[in-house]
6 protein chains.
Amino acid sequence: MASLSQTELAKADGVDHSPDLNESRLERGRRVLAEVDGEAGQKVVSALADIAPDFATYLFEFPFGDIYSRPGLDLRSREIATIAALAAMGNAIPQLKVHIQAGLNVGLTRTEIAEILMQMAVYAGFPAALNGLFAAKEVFAQQFVPAVTPR
Amino acid sequence: MASLSQTELAKADGVDHSPDLNESRLERGRRVLAEVDGEAGQKVVSALADIAPDFATYLFEFPFGDIYSRPGLDLRSREIATIAALAAMGNAIPQLKVHIQAGLNVGLTRTEIAEILMQMAVYAGFPAALNGLFAAKEVFAQQFVPAVTPR
Amino acid sequence: MASLSQTELAKADGVDHSPDLNESRLERGRRVLAEVDGEAGQKVVSALADIAPDFATYLFEFPFGDIYSRPGLDLRSREIATIAALAAMGNAIPQLKVHIQAGLNVGLTRTEIAEILMQMAVYAGFPAALNGLFAAKEVFAQQFVPAVTPR
Amino acid sequence: MASLSQTELAKADGVDHSPDLNESRLERGRRVLAEVDGEAGQKVVSALADIAPDFATYLFEFPFGDIYSRPGLDLRSREIATIAALAAMGNAIPQLKVHIQAGLNVGLTRTEIAEILMQMAVYAGFPAALNGLFAAKEVFAQQFVPAVTPR
Amino acid sequence: MASLSQTELAKADGVDHSPDLNESRLERGRRVLAEVDGEAGQKVVSALADIAPDFATYLFEFPFGDIYSRPGLDLRSREIATIAALAAMGNAIPQLKVHIQAGLNVGLTRTEIAEILMQMAVYAGFPAALNGLFAAKEVFAQQFVPAVTPR
Amino acid sequence: MASLSQTELAKADGVDHSPDLNESRLERGRRVLAEVDGEAGQKVVSALADIAPDFATYLFEFPFGDIYSRPGLDLRSREIATIAALAAMGNAIPQLKVHIQAGLNVGLTRTEIAEILMQMAVYAGFPAALNGLFAAKEVFAQQFVPAVTPR
């Protein structure tokens, strides 16, 4: 009914996450995570090394090698969804910060991110929105912002 | 830093939710809710009539008259955020269904909605994603789908 | 600093939940649960009989024999707290209904209960408030309301 | 059925939140927030100034200008509901602290606040109650307590 | 520090989930899901067919092909963890029922399952425990129980 | 149907939490908490002394004097359930750390604990699993690990 197979989607969709067929899930996951998160992903992997190294592999493979690599939804929309979900759940502030940065990396503006977080007041309450906005404030403050471009 | 005032945004943004300055928050909320939710909003208002009629007013005014009417984020992106948040929270299935329909109303495809819900497996777990997908299945099944267009 | 012992509180507090010193926690719990919930408590106990009979005992003893029997907070205030918490959590609608009825039993008006639930929109989002209000609507509809008293 | 309109409630209710009809929602919200939260509200507003200044306006208008200003439930009861909800949700400790202080401001005793938090063990588990009690301990410790009054 | 690689674990661990090296993640996932859930898994897959068929593949691959197939924790312990988590979260009753049945399939007794659910009262509150116990009651009632074996 | 009374269980079960019949719930709770948590329990009790001393009593009595002392589920299984639940809920990190240590105390290996936490990615999402693993990393780092034993 609703959904097409990956192959059909690949044809129907302009976005080129085009799976290199020789690329493993792990390789694809590493590539997409680097594209989305920059260095943040690598820090998590290092932190996992002595406690659950296989979990770093799963983190590349399933979220990024499988889900984020799918055609059918662009990365900008994926980051909107993730920022909204993490802010609404309210119990994963470190990951919310990573994805606020990821949102900037894939083209969301600061204003758009603030709008997403404000909207969460409607669905998850004012504290969730406030805590999301304060997380965004921290992320925005750590970025280099060239003098001419005000945001 | 990040955010512009509403007035500045109104200038910077192509989207025309342009507040008719003579329109009250309640009127604007009614208009935007009708645009987004169609008749679903009116059902909620009727259901509230004998228990908390003022809450129907707030429901028009704050979420729709204030938040959804803001420039700075288009309605398609707003519905992505709402579908993701409600699926991740997992305790508001009736409202999730309303916003899956709203997502279709503002131009999300069934495939895009399914992608958002699948992605929630990463952030809120597989049960949240499954229950979201089954909610979408119910909404999609109730829609008239003309014979030629497969989705 | 903040808290007095039960004995000191018993002296300082006008409310008479005065523990009959010969009364066991179980007996006290049964008495307070009957006072608060009427027959609803007994239904839960019966439903537990063939799966976890000891849990019914704990349900009398800890929440009602220990907590609700404490001086230091009146039952009306305790039910305000419980209704708010259950509506905000949003994943325990059957228990929310029991405590909406319990709220009426200990003297909250329908209006006051509706106000508590509406307020949850601020802290837990509009869906939590709406689902709470619809639960209240069901409870209120099942009550006998004498003709002269409009609520 | 249950609910009266604001106007009817204003008549039926002794509490004087009586809306000055010339007062805007924003003005009313500022006034009620100051009454409830003292300076805490102003800190939040300042913190929002460079990320989402309009959100500070919404925070005055909806929670305080609309909800807390309603007749039908006194401020003491409203703070019981808010403390209970935030402790039960467990993911908004900064806001819980603000409302523990607000509870003291509107007349709740330390003992009553501790009772509300302890009761949350029943509905949201012992960790939620413990984390709530530790938040209260921090708030109580920051208060000036005159020598004679033991709490 | 804590964790060994899969290969080391395979050596250190008596349990034989021994990955047939020619078996794909999908095949392994199908096999483990059938072992754990019996037919319940297949029903979910069928239900997903017309909305998100790829999600059924992920459901085989990641939870069952990757996680449940890992040595280092036996299936009985894995089901204890899953039943506890789903009961505590309280927003995934259908999945909780599936895993209560799965718990029985991998050797947990009804008494052990009831104990796990009762214990959730401590961590997630009495409503979460009660709703978990009622879910278990439904699952237990649907099972064939031969006359001689009392449970 | 499913459950036996405590007395029947005491007979059917090899584990000896055998209630000394002269032991009060409080004494039994203190004993079991010391067995499970070592000194962590005492710290919580001290921290409660000036805010809610009775709550420390309840903490001994209900979770440990009642629930953990029950035959029918061994302590190792109880700690699996608790670690899973607290990691999945994601809003009680201090208590999760206490129970990761308690899990080690009752015989879970570091590997088993890491497996439980990784598995939570399936049910509560990758952030819940990651935050649980990082909590475990902190607990493991604070332990004395003799040179010869690699974990």
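Treat the numbers as computed from the prediction; the structure is a model and nothing was measured. To find a chain, count down the sequence lines: A is the first, B the second, and so on, and within it residues start at 1.
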When every non-hydrogen atom of B:M118 is compared with those of E:A52, the smallest separation belongs to SD-CB, 4.0 Å
Restricting to non-hydrogen atoms, name the atom on B:A124 and the atom on E:M89 that form the minimum distance, rounded to 0.1 Å. O-CE, 4.4 Å
Is E:L59 in contact with chain B via its backbone, its side chain, both, or neither, using a 4.5 Å heavy-atom distance? both
Non-hydrogen atoms of E:V44 and B:L130 that approach each other most closely: CG1-CD2, 3.8 Å
Looking at every non-hydrogen atom in both residues, tell me the closest pair between E:A47 and B:K137 and how far apart they are. O-NZ, 2.6 Å
Nearest-0.5 Å distance, CZ of residue E:F55 to CD of residue B:Q119: 11.0 Å
If you tally heavy-atom pairs under 4.5 Å between each of B:I93, B:I113, B:N131, B:N91 and chain E, the highest tally belongs to B:N131
